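In what follows, a single structure is set out as structure tokens and then discussed.
In what follows, every chain begins at residue 1, and chains take the letters A, B, ... in the order their sequences are listed. Note that the coordinates shown come from a computational prediction; the quantities given were computed from them, not determined experimentally. We use all heavy atoms of the structure for the numbers below, so side chains are in, but hydrogens, waters and symmetry mates are not.
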Amino acid sequence: MSLRLEDLNPEQLAAVTLPAGHALILAGAGSGKTRVLTTRLAWLLQAGAVSPAGVLAVTFTNKAAREMLSRLTSMLAVNPRGMWIGTFHGLCNRMLRAHHQEAGLPREFQILDTQDQLAAVKRVLRSMNVDEDRFPPRDVQYFIMGKKEEGLRARDVPAGDDTARRYAELYDAYDEQCRREGVADFAELLLRSFELLSRNEPLREHYRARFRHLLVDEFQDTNRLQYRWLKLLAGPQANLFAVGDDDQSIYAFRGAHVGNMADFEREYPGARIRLEQNYRSQGNILEAANALIAHNAKRLGKNLWTAAGAGEMLRVFEAQSDADEARWMVEEIQALKREGTRLDQIALLYRSNAQSRVLEHALFTAGLPYRVYGGLRFFERAEVKHALAYLRLVASPADDNAFLRVVNFPARGIGARTLEALQDAAQAAGRNLYETALANPGKVGPFVALIESLREECMGLTLAEKTEHVLAKSGLFEHYKREREGAERLENLGELVNAAAAFSAEDAAIESGEDADPLLAFLTHAALEAGEHQAGEGQEALQLMTMHSAKGLEFNAVFVSGLEEGLFPHEQSVLEKDGLEEERRLMYVALTRARKRLYLSFAQTRLLHGQTRYNLASRFVDELPKALLKWLTPRLAEKRKPSTFTAGAFTRAVKRDPRFGGAPAGTGGAPNGFRIGQNVVHAKFGAGVIVDAEGQGSDARVQVNFGREGVKWLAVAVAKLQGA
DNA sequence: CTGAGAATGATTTTT
DNA sequence: TCATTCTCAG
């Protein structure tokens with residue numbers, strides 16, 4: 001256990017030992033960001049500048065929060081209990097639990113995850129007889145979330161046309177429903193905490209007097225409300241220490257506002273430190289990443305460097321097809337393995353999850369073990385959510401979401417009609433479903449009686465015993481035992497009991513504050529931390545994930561695959577405002593994951609949504625310095641002229657014209673010696689690929705995808721296309 | 001209530 | 001293509 005400052009570089013040391021005041025640390029990829037943040041925290045505590053209770057450190061993920069805490073306790077003997085280290089949502093939850101009355105929430109309020117929220121929105125729409133075609137539940141949910149993250153309640157939403165007004169009404173009705181049912185969605189935790197602090201002066205002053213130092217990780221990922229929350233909590237006295245990297249901002253689509261960094265610069269004068277020395281990648285990789293990101297206009301500016309050598313060149317492979325690309329990757333992986341690279345030190349990155357399929361197929365065929373990130377997390381699994389719904393009803397009967405989820409699961413002969421009648425009665429009485437059913441049992445009588453007895457029987461039991469009891473009495477265990485494919489689900493339910501057993505008083509205190517009710521804390525834990533993606537850890541396996549999921553990780557060898565226009569940058573993203581720059585930052589993140597070896601690949605043909613797409617190499621490949629690239633395949637479209645034109649249209653699925661016999665891809669007939677899938681060069685538009693064709697002889701026309709230049713129909717007789 | 005078949009879309013993701 | 005969601009008949 002030691003706090004060592006000797007190993008820090010001058011910039012890191014400067015950041016760690018800054019005197020009181022505000023600071024913005026621009027921390028490049030692999031520059032030791034987490035280390036600086038935790039060492040800063042330890043240094044403040046050890047120097048006696050502040051007590052553990054006087055600091056608040058906030059991160060985005062539970063994983064990051066755990067890592068900070070564990071690194072801190074390895075440097076310093078501190079009791080984590082009194083410290084406020086956690087995610088934005090976790091800390092807001094803690095504050096709201098401590099002051100639920102002032103915040104207008106019931107003590108046992110439950111947290112809605114994204115799934116629960118959608119179900120809740122659907123109920124609002126149904127109760128208001130809203131046309132779901134005009135107001136799709138997903139859009140309404142997105143609207144509500146977005147407004148909350150801007151800090152706006154329904155009444156604050158600027159009035160617009162009828163549709164906008166209706167959205168605001170639905171938002172209002174949704175909030176009212178949440179209030180009735182004693183639940184809060186993710187954004188609500190933040191907004192409610194923000195409103196609590198802004199309205200309740202004594203409380204605000206209490207926390208302002210308490211927290212002298214606020215430290216923020218991944219500041220570029222904060223949304224507007226999170227930044228306002230920080231400012232409100234900091235007040236005029238506290239010191240804000242923000243660490244971030246605008247070049248790694250890849251979450252604008254979920255509300256992150258990179259502009260917060262520029263705003264911070266303006267609003268909080270103080271220290272500005274750039275951490276540019278990279279301890280991860282070799283020189284060529286960094287040089288490539290620097291050159292790529294230099295194409296972005298909106299940057300604070302930063303250049304990574306390393307004391308390590310140049311290392312290897314970046315290897316680039318052009319495949320005929322996605323399957324071909326996958327086969328090549330397998331070969332390279334086997335070669336790496338022979339050279340002694342551990343499989344878990346190799347990452348296969350892609351833009352979208354759908355791309356993992358081909359890779360998995362090739363890896364499976366080759367017998368290479370792999371692990372795919374993404375998909376359902378533990379607490380999101382249906383059987384686990386069912387079990388939790390019973391526990392939630394025991395803790396908080398007003399939770400209609402939980403009620404509806406399990407009132408007829410396992411089946412108890414309670415049908416849609418019964419529930420409709422119950423919901424109508426509840427609405428008329430302005431009460432929740434549970435109360436309504438209790439007052440007028442009918443068909444749901446046995447169900448509420450079951451919950452009532454569960455609540456009684458659970459008194460005095462430990463958390464794990466409660467969980468086990470609920471599983472047995474609810475019939476969930478029986479149900480899955482009978483089900484043919486229920487074995488895995490049963491296993492997960494067993495895992496849930498284990499999780500409950502492992503959930504300690506310590507966890508509860510950190511999760512929800514001192515003297516928290518273990519059951520409530522556990523339910524909160526389940527909502528705020530969805531758990532691992534899947535089992536299969538520990539085994540040495542290749543790591544397959546999206547470039548987004550790879551953020552923060554590092555590997556000896558990295559494959560960045562599917563570098564094709566339309567796929568990456570994604571065709572949707574280039575239509576979005578600042579979308580291309582965000583895609584480029586994503587590429588930057590992908591490149592900077594690699595320590596020693598970096599592979600880039602793209603395929604001429606890719607099967608997507610059941611149709612063959614003909615693609616051109618991503619512009620991001622062109623944006624890398626040629627001198628750093630080692631082509632493993634002959635560069636076919638070398639002649640392509642660079643262009644500044646960024647038309648929106650990209651490869652469309654090829655609709656094969658029956659006049660050409662609907663021949664398979666690549667061999668399809670097209671007029672005058674051209675065929676679908678063929679690479680061509682046009683004098684003005686550069687390289688392209690034939691995507692469709694029609695007509696014969698002098699009327700013949702072909703549709704060509706020129707990537708950035710868009711997709712164009714050209715008359716063969718006029719266009720003078722060259723075969724490439 | 002259940003199961004079969006149709007319809008529907010389909011970046012990226014944490015809390 | 002394919003996975004999920006919806007609809008309707010039994």
Side-chain angles (χ1 to χ4, degrees), chain A residues 58-65 86-93 111-118 122 132-133 136-138 142 145 148-149 184-191 193 217-218 221-223 225-226 249-256 322 349-358 361 373-377 379-380 382 408-419 483 511 524-531 533 545-552 562 564 566-576 579 582-583 585-587 589-590 606-613 650 653:
Chain A
V58 63
T59 63
F60 270 85
T61 63
N62 292 296
K63 194 177 155 208
T87 64
F88 278 102
H89 295 85
L91 298 181
C92 286
N93 169 68
I111 297 167
L112 300 185
D113 68 11
T114 311
Q115 283 177 40
D116 299 331
Q117 192 190 23
L118 183 63
K122 282 182 180 166
E132 293 195 7
D133 291 327
R138 274 189 193 285
Y142 187 79
M145 215 60 179
K148 285 191 180 184
E149 285 175 353
D185 59 53
F186 287 136
E188 183 69 27
L189 295 175
L190 273 151
L191 184 52
S193 167
D217 191 17
E218 307 273 18
D221 286 338
T222 49
N223 63 36
L225 180 57
Q226 285 161 338
S249 163
I250 54 173
Y251 287 116
F253 71 90
R254 68 171 200 220
D322 47 356
L349 308 185
Y350 35 79
R351 174 67 237 264
S352 63
N353 289 305
Q355 289 166 250
S356 75
R357 196 169 260 286
V358 207
H361 178 75
Y373 286 68
L376 276 193
R377 313 268 227 75
F379 287 112
E380 291 166 352
N408 194 38
F409 194 94
R412 309 188 166 83
I414 298 168
R417 296 180 59 170
T418 311
L419 288 177
E483 210 177 67
E511 198 85 46
T524 298
H525 171 79
L528 290 183
E529 182 161 8
H533 268 300
M545 65 191 86
T546 64
M547 301 179 202
H548 281 92
S549 317
K551 191 172 159 211
E564 293 138 39
L567 199 66
F568 188 40
H570 196 277
E571 54 194 342
Q572 304 285 329
S573 73
V574 290
L575 304 175
E576 291 160 13
E582 176 143 320
E583 293 284 287
R585 290 193 291 268
L586 184 57
M587 177 72 170
V589 167
R606 184 174 296 275
L607 211 56
L608 199 64
H609 307 323
Q611 280 174 316
T612 308
R613 291 168 51 125
F650 284 96

Contacts of type ring-ring contact (aromatic ring centres under 6.0 Å, His included), residue Tyr142(A), not counting sequence neighbours: none
ring-ring contact (aromatic ring centres under 6.0 Å, His included) against Tyr251(A), all qualifying residues, sequence neighbours excluded: Phe253(A), His548(A)
Out of [options], whichever nucleotide has its closest atom nearest the side chain of [X]:
X         : options                   : value
Thr546(A) : dT13(B), dT15(B), dT11(B) : dT13(B)
Tyr251(A) : dC1(B), dT15(B), dT13(B)  : dT13(B)
Lys122(A) : dT2(B), dT13(B), dC6(C)   : dC6(C)
Glu576(A) : dT14(B), dT13(B), dT11(B) : dT11(B)
His609(A) : dT13(B), dA3(C), dA10(B)  : dA10(B)
Ser549(A) : dT13(B), dT12(B), dT15(B) : dT13(B)
Arg357(A) : dT15(B), dA3(C), dT11(B)  : dA3(C)
Asn62(A)  : dT1(C), dT13(B), dT15(B)  : dT15(B)

Using atom [atom1] of [X] as one end and atom [atom2] of [N] as the other, report the distance to the nearest whole Å.
X         : N       : atom1 : atom2 : value
Tyr373(A) : dT13(B) : OH    : P     : 13 Å
Phe186(A) : dT15(B) : CZ    : P     : 8 Å
Leu189(A) : dT14(B) : CG    : P     : 18 Å
Leu607(A) : dT1(C)  : CG    : P     : 8 Å
Lys63(A)  : dT13(B) : NZ    : P     : 14 Å
Gln115(A) : dT4(C)  : CD    : C1'   : 13 Å
Gln572(A) : dG9(B)  : CD    : P     : 14 Å
Arg351(A) : dA10(B) : CZ    : C1'   : 13 Å

For a quick check of understanding: with a heavy-atom distance under 4.0 Å over all strands, which category does [X] fall into, base, sugar-phosphate or nothing?
X         : answer
Glu188(A) : nothing
Phe253(A) : base
Thr114(A) : base
Gln226(A) : nothing
Leu91(A)  : nothing
Asp185(A) : nothing

Pairing of Lys551(A) and Asp221(A) as salt bridge, 4.0 angstrom limit: yes
Whichever of Ala411(A) and Ala527(A) has its nearest DNA chain B nucleotide further upstream toward 5': Ala411(A)
Pairwise 5' ranking along DNA chain B for Glu583(A) and Thr61(A), keeping only the more 5' one: Glu583(A)
Gln355(A) vs Ser352(A), side chain to side chain donor-acceptor pair (under 3.5 Å): CA-CA, chis, key distance, verdict: CA-CA 6 Å; Gln355(A) 289 166 250; Ser352(A) 63; 3.1 Å; yes
Side chains of Glu583(A) and Val574(A) in contact at under 4.5 Å (non-hydrogen atoms): no
Close side-chain approach of Asp185(A) to Lys148(A), heavy-atom, < 4.5 Å: yes
Distance, [atom1] atom - from [M] to [N], rounded to whole angstrom:
N       : M       : atom1 : answer
dT12(B) : dT5(C)  : C1'   : 22 Å
dA3(C)  : dT14(B) : C1'   : 23 Å
dT11(B) : dC6(C)  : C1'   : 24 Å

Report yes if at least one side-chain N or O of [X] is closer than 4.0 Å to OP1 or OP2 of [N]; otherwise report no.
X         : N       : value
Asn353(A) : dT13(B) : yes
Ser573(A) : dT12(B) : no
Arg254(A) : dT11(B) : no

Per-pair stack call His89(A) and dT15(B), 5.5 Å, 30°: no
Heavy-atom donor-acceptor pair, Arg585(A) side chain to Ser249(A) backbone, under 3.5 Å: yes
